[in-house]
Amino acid sequence: MPLALIRFCLFCVAVACGVLAAGPRAAEAADAIAVTAGTPAINLGRAVSFVQGEGDRVSVPTAPGSDGIVRRMEVRHTQTGSSPVWAVFTLSNATDEQVDRLVVVPHYRLIRSGLVRPDLGSQRIVALTPSQGFRPERQSAVDQDVFQITLDPGTTVTFVAELRDPRIPQITLWQPDAFKDRENSFTLYRGIILGIAGLLALFLTILFVVKGSLMFPAAALLAWAVLGTLGLDFGFWTRIMELPPEAVAFWRAVSEAILSATLMIFLFAYLDLNRWHVRYTVLTAVWLAFAGGMVTLAWFDPPIAAGIARLGIGAVTILGTVILVYLAFLRYDRAINLVPTWTLFMIWSGAALLMVTGRLNNEIAAPALLGALVLLVMLIGFTVMQHAFAGGGMPKGLVSDTERKALALTGAGDIIFDWDVGSNRVVVGHELETHLGLKRGALEGQANRFIDALHPGDRDRLRSTFDTVVEHRRGRLVEEFRMRVADGHFVWIVLRARPVVGSDGEVIRLVGTLTDITEFKTSEERLLHDAVHDNLTGLPNRELFLDRLEAALNQAQADDGRRPTVLVLDIDRFKQVNDSVGLSVGDSILLTVSRRLGRLLKPQDTLARFNGDQFGIILISERAAERITAFAETIRKTLRAPLAFGDREIFLTGSLGIALADGTQRKREDLLKDAELAAYHAKRLGGDRIEVFKPALRAHKSDRLALESDLRRALERGEIALVYQPVVRLADRTLAGFEALVRWDHPRLGRLPPGEFIAIAEETGLIVDLGLFVMDRAARQLANWQALMPLDPPLFTAVNVSSRQLLRHDLLQDIKGVLARAPVAKGSFKIELTESLVMENPEYAAQMLQRIRDLGAGLSLDDFGTGYSSLAYLQRFPFDTIKIDKSFVRADSRGSRSVLLRSIIALGHDLGMEVVAEGAETDADAVELYQFGADFAQGFAFGEPMTADQATKLLKAAVAQAA
């Protein structure tokens with residue numbers, strides 16, 4: 001077989017075995033390397049060829065001998081139970097003398113070790129067999145394989161190496177003396193580097209004990225991690241503990257993981273990242289847990305753990321750079337101090353990356369890189385010490401108690417005060433004179449100069465206080481007073497001082513501090529004002545009102561002619577006004593009302609605001625009953641005057657309650673409650689009226705409270721019932737649907753109509769539960785009727801909704817739930833809302849109504865024509881039915897009923913809505929409504945409200961009659 005073909009086959013075998021990916025480039029064994037006497041070292045990497053053996057042996061061709069014949073040599077492996085890889089190289093002695101050389105292969109080399117699954121080192125050559133002569137002897141070496149070979153003059157010898165690991169980081173042929181000199185030089189260098197690293201780690205540890213700052217143990221941990229890494233790379237730990245190559249690989253992976261962790265710890269501690277955001281603390285904790293996982297992984301697969309650790313060091317470099325730049329832009333001094341050192345560390349990381357990937361390949365590159373790492377740790381130590389000891393801080397324990405007090409006084413920002421009692425001279429800190437805008441020394445000298453700068457009302461008090469301290473010769477002085485500023489206003493100052501007693505027991509000095517407490521006093525006054533005044537109007541609140549009422553009652557006991565009168569004003573329907581115009585306009589209305597009322601009072605009277613729309617008045621200036629009544633009437637008329645806001649006018653009315661102090665009230669609260677009860681009674685009677693308290697009103701109040709208490713339990717007891725009033729189609733007088741009406745079967749008062757309890761339910765919030773009960777019960781009943789008697793068009797039921805329900809966003813969910821529980825025809829379950837209700841807030845109402853319509857419910861506009869309609873808004877509302885109020889159906893003396901009815905019905909039809917007329921009491925009313933064009937009618941002419949069973953019988957009868 002030709003020689004070229006043999007070489008090609010050997011190359012293909014090496015590639016197939018994967019040995020060329022991590023080892024030197026394959027060469028042919030027949031290409032002998034000439035060994036000369038003057039060359040101290042030869043790199044054999046390009047002369048090595050890798051071959052695959054057969055079983056426990058390998059057969060390779062040798063270099064041609066002197067006769068030109070190529071022979072073969074067969075080598076058996078020395079280790080059983082393995083399939084070794086074989087490496088072949090050829091050396092020739094071109095000299096006429098016998099030469100001795102050393103074949104050296106390091107167990108680990110940082111250069112070209114790899115970034116992912118790096119080569120962490122192991123024994124490389126198990127045995128070395130020459131084609132002639134004796135087997136070379138293995139030399140004693142800890143971290144490399146060394147074999148001594150001998151070449152006779154003019155000979156060419158082929159060597160077969162049995163490899164434990166197919167990767168050979170480097171293979172070199174050394175002269176023994178040159179190799180010894182090299183090892184000695186590196187040993188000295190490594191010893192110096194290890195000594196510096198050890199001293200640096202020890203020094204930083206000692207500094208932690210001395211200083212106690214967290215950044216020192218973080219820097220010390222980094223130094224110890226670097227020391228451990230250097231000890232492994234330099235073979236120090238291997239020599240001391242006689243570690244096998246497998247253990248060295250494990251500890252090398254652990255050391256790299258610890259190095260990445262300590263770098264993160266140092267950044268966290270030195271930059272004090274936990275003060276900036278909790279996410280930095282979480283990031284550091286996650287990173288440390290990650291590093292701990294790498295240590296655990298190193299036990300099972302050191303290369304994987306080391307690769308992740310090396311990537312982690314790169315990630316720390318990038319992340320640390322981002323954090324450092326961000327904090328440096330925030331002018332954080334620690335970050336700025338670390339920038340130069342971290343820049344060098346980034347350069348070091350880049351060089352390390354080039355080295356492990358093989359782009360930087362030099363004999364002294366790896367030792368230089370490790371030495372640079374020690375230098376970086378040293379710079380980090382200097383940076384830490386520079387920050388920790390900067391600022392001229394005094395060593396711990398070298399500050400006297402007097403100096404510490406002086407430093408505390410300076411830090412507190414207080415001003416020194418010193419009164420020499422014997423000479424009656426006062427010395428104050430110049431900061432006070434600057435603060436008051438006075439010339440330097442203006443307050444020093446005789447004590448009277450300091451006293452004269454005080455507010456006139458505080459001078460005598462401070463003089464007497466000084467005299468008292470001198471007389472008693474003990475005590476602690478805390479005095480607040482006002483001092484005049486150059487521009488004429490006053491600031492509040494507090495003096496805290498103690499007397500200094502001489503040897504004779506007399507006070508010789510009064511020494512203390514002065515502090516400006518103006519802001520505190522202003523805040524205190526503001527809090528006191530806010531505690532007894534209304535935040536919006538600035539009027540007295542309920543507490544201050546009661547306090548002044550009590551004072552007025554006490555004066556009335558001494559002077560019977562000065563008995564006060566209490567008036568309570570409650571604005572009618574203010575909640576609806578507030579919902580209509582908005583909160584900001586509502587607040588403006590209250591301010592306007594408070595100003596109008598304030599103009600009517602005299603200085604001895606009191607106006608207060610209790611809550612949203614309720615005001616209270618203590619009237620002392622008027623004593624006669626007729627004058628008090630006239631004053632109340634003036635208030636009522638003043639409130640009725642229209643309020644102009646933008647392009648609209650708002651009209652208000654009020655309910656006034658008057659309570660006279662006749663001596664029967666035991667407490668101030670009783671008199672106020674009497675006035676409130678009278679105002680409530682006025683509101684209950686329709687509002688815009690004045691009521692004077694009478695003892696009989698207390699009984700009405702008790703009845704209302706009892707009714708409210710019973711209403712809270714009415715749903716639980718099943719006392720709420722529904723009745724249904726028929727709605728008839730006027731075209732054929734057939735039953736079209738019902739309107740569901742709520743009734744309360746009170747156990748003591750009997751059946752109560754809605755007017756007796758709906759208002760109470762709205763005030764207490766019970767209307768929400770009550771409304772949901774009515775909707776659910778009516779929808780279930782409608783579903784039963786539609787299932788029992790399907791009609792075309794389907795039967796409908798209308799249910800009224802109050803304002804409290806419409807303003808709740810939960811109304812949509814309530815209707816959705818009701819329709820889900822009771823499957824009814826779309827649009828047959830109608831929600832009725834009054835015209836005044838939807839016009840209170842038309843924009844909001846339009847949105848809510850459209851969403852209710854989308855749920856599948858019908859919409860009916862009740863009491864049409866009784867409120868302030870806006871046709872522009874009415875067109876936007878998605879109503880399908882208009883219900884005409886019964887006031888338009890009843891006849892009047894002017895005969896305008898027919899005109900109004902025709903107009904309303906025509907308007908409803910033009911808007912595409914069906915029209916229902918309420919209050920049809922006679923058959924003649926029904927005929928006339930049909931002639932006017934109404935679609936439906938309800939009233940006594942077609943039936944009174946009835947129970948569900950009665951309505952079912954009526955429906956069955958109507959269906960039977962139609963059949």
Side-chain angles (χ1 to χ4, degrees), residues 684 700-727 737-786 788 795-808 810-824 828-834 837 852 857-858 860 862-863 883 918 938 940 943-955:
R684 187 179 181 186
H700 291 291
K701 178 182 178 182
S702 301
D703 293 343
R704 185 181 185 279
L705 292 176
L707 199 64
E708 177 183 333
S709 178
D710 293 340
L711 182 59
R712 291 183 181 276
R713 296 187 294 270
L715 285 174
E716 300 175 1
R717 296 175 178 176
E719 298 173 0
I720 303 300
L722 294 186
V723 295
Y724 301 88
Q725 186 172 22
V727 179
F738 296 92
E739 179 182 3
L741 304 173
V742 63
R743 298 289 186 269
W744 181 11
D745 294 326
H746 194 280
R748 179 169 51 87
L749 303 176
R751 172 159 289 190
L752 299 179
E756 296 291 332
F757 61 89
I758 290 298
I760 299 176
E762 289 184 342
E763 292 178 8
T764 58
L766 295 173
I767 191 65
V768 176
D769 295 335
L770 182 62
L772 180 60
F773 170 80
V774 172
M775 287 193 298
D776 188 69
R777 180 66 61 87
R780 291 177 185 270
Q781 185 61 56
L782 177 61
N784 293 336
W785 285 335
Q786 291 182 353
L788 181 65
L795 194 73
F796 65 81
T797 296
V799 177
N800 289 280
V801 171
S802 70
S803 60
R804 179 67 67 91
Q805 291 176 274
L806 183 63
L807 293 176
R808 292 174 65 251
D810 292 341
L811 177 63
L812 298 175
Q813 294 298 327
D814 292 343
I815 296 177
K816 185 177 181 180
V818 166
L819 295 179
R821 291 188 294 269
V824 297
S828 61
F829 183 72
K830 296 181 180 293
I831 304 298
E832 280 195 5
L833 301 101
T834 62
L837 175 60
I852 292 174
S860 177
D862 198 7
D863 297 340
K883 183 173 286 189
E918 289 184 301
Q938 67 181 86
F940 294 142
E944 297 183 359
M946 60 190 69
T947 64
D949 294 337
Q950 294 172 339
T952 302
K953 293 179 181 179
L954 178 64
L955 184 60

Which atoms form the tightest heavy-atom contact between [X] and [Y], and what is the distance?
X      : Y      : result
Ala779 : Val818 : CB-CG1, 3.4 Å
Ala857 : Leu819 : N-CD1, 4.2 Å
Val799 : Ala778 : CG2-CB, 3.7 Å
Val742 : Pro754 : O-CG, 3.3 Å

Inset, instruction - Would you please name every residue forming a ring-ring contact (aromatic ring centres under 6.0 Å, His included) with Tyr724, sequence neighbours left out? - result: Trp785

Inset, instruction - Begin with the C-alpha distance, continue with both residues' side-chain angles, and end with the deciding distance and a verdict on side chain to side chain contact (heavy atoms under 4.5 Å, CB included) for Asp814 and Asp776. - result: CA-CA 9 Å; Asp814 292 343; Asp776 188 69; over 6 Å; no

Taking side chain to side chain contact (heavy atoms under 4.5 Å, CB included) as the test, write out the residues that go with [X], two or more places apart.
X      : value
Asn784 : Gln781
Lys953 : none
Leu788 : Thr952, Lys956

Legend entry - Pairing residues for Lys830 by the salt bridge (charged side-chain N to carboxylate O under 4.0 Å, His left out) criterion, not counting sequence neighbours: Asp880

Inset, instruction - Identify, with sequence neighbours excluded, every residue that meets salt bridge (charged side-chain N to carboxylate O under 4.0 Å, His left out) alongside Asp769. - result: none

Quick one: pull up [atom1] in [X] and [atom2] in [Y] and give me the separation to the nearest 0.5 Å.
X      : Y      : atom1 : atom2 : value
Ile815 : Ile831 : CD1   : CD1   : 4.5 Å
Met775 : Leu770 : CE    : CG    : 10.0 Å
Leu741 : Leu722 : CG    : CG    : 8.5 Å

Restricting to side chain to side chain donor-acceptor pair (under 3.5 Å), what partner residues turn up for [X], sequence neighbours left out?
X      : result
Gln725 : Gln938
Ser828 : Gln786
Glu918 : none
Asp745 : Arg751

Legend entry - Residues Leu782, Phe738; criterion side chain to side chain contact (heavy atoms under 4.5 Å, CB included); working and verdict: CA-CA 9 Å; Leu782 177 61; Phe738 296 92; over 6 Å; no

List the atom pairs, with distances to 0.1 Å, where a side-chain N or O of residues 711-718 and a protein N or O form a donor-acceptor pair under 3.5 Å, not counting sequence neighbours.
unit_1	atom_1	unit_2	atom_2	d
Arg712	NH2	Glu708	OE2	3.3
Arg713	NH1	Ser709	OG	3.4

Side chains of residues 943-950: which donor-acceptor pairs under 3.5 Å do they make with residues two or more places apart or in other chains?
unit_1	atom_1	unit_2	atom_2	d
Thr947	OG1	Gln950	N	3.3
Gln950	OE1	Thr947	N	3.1

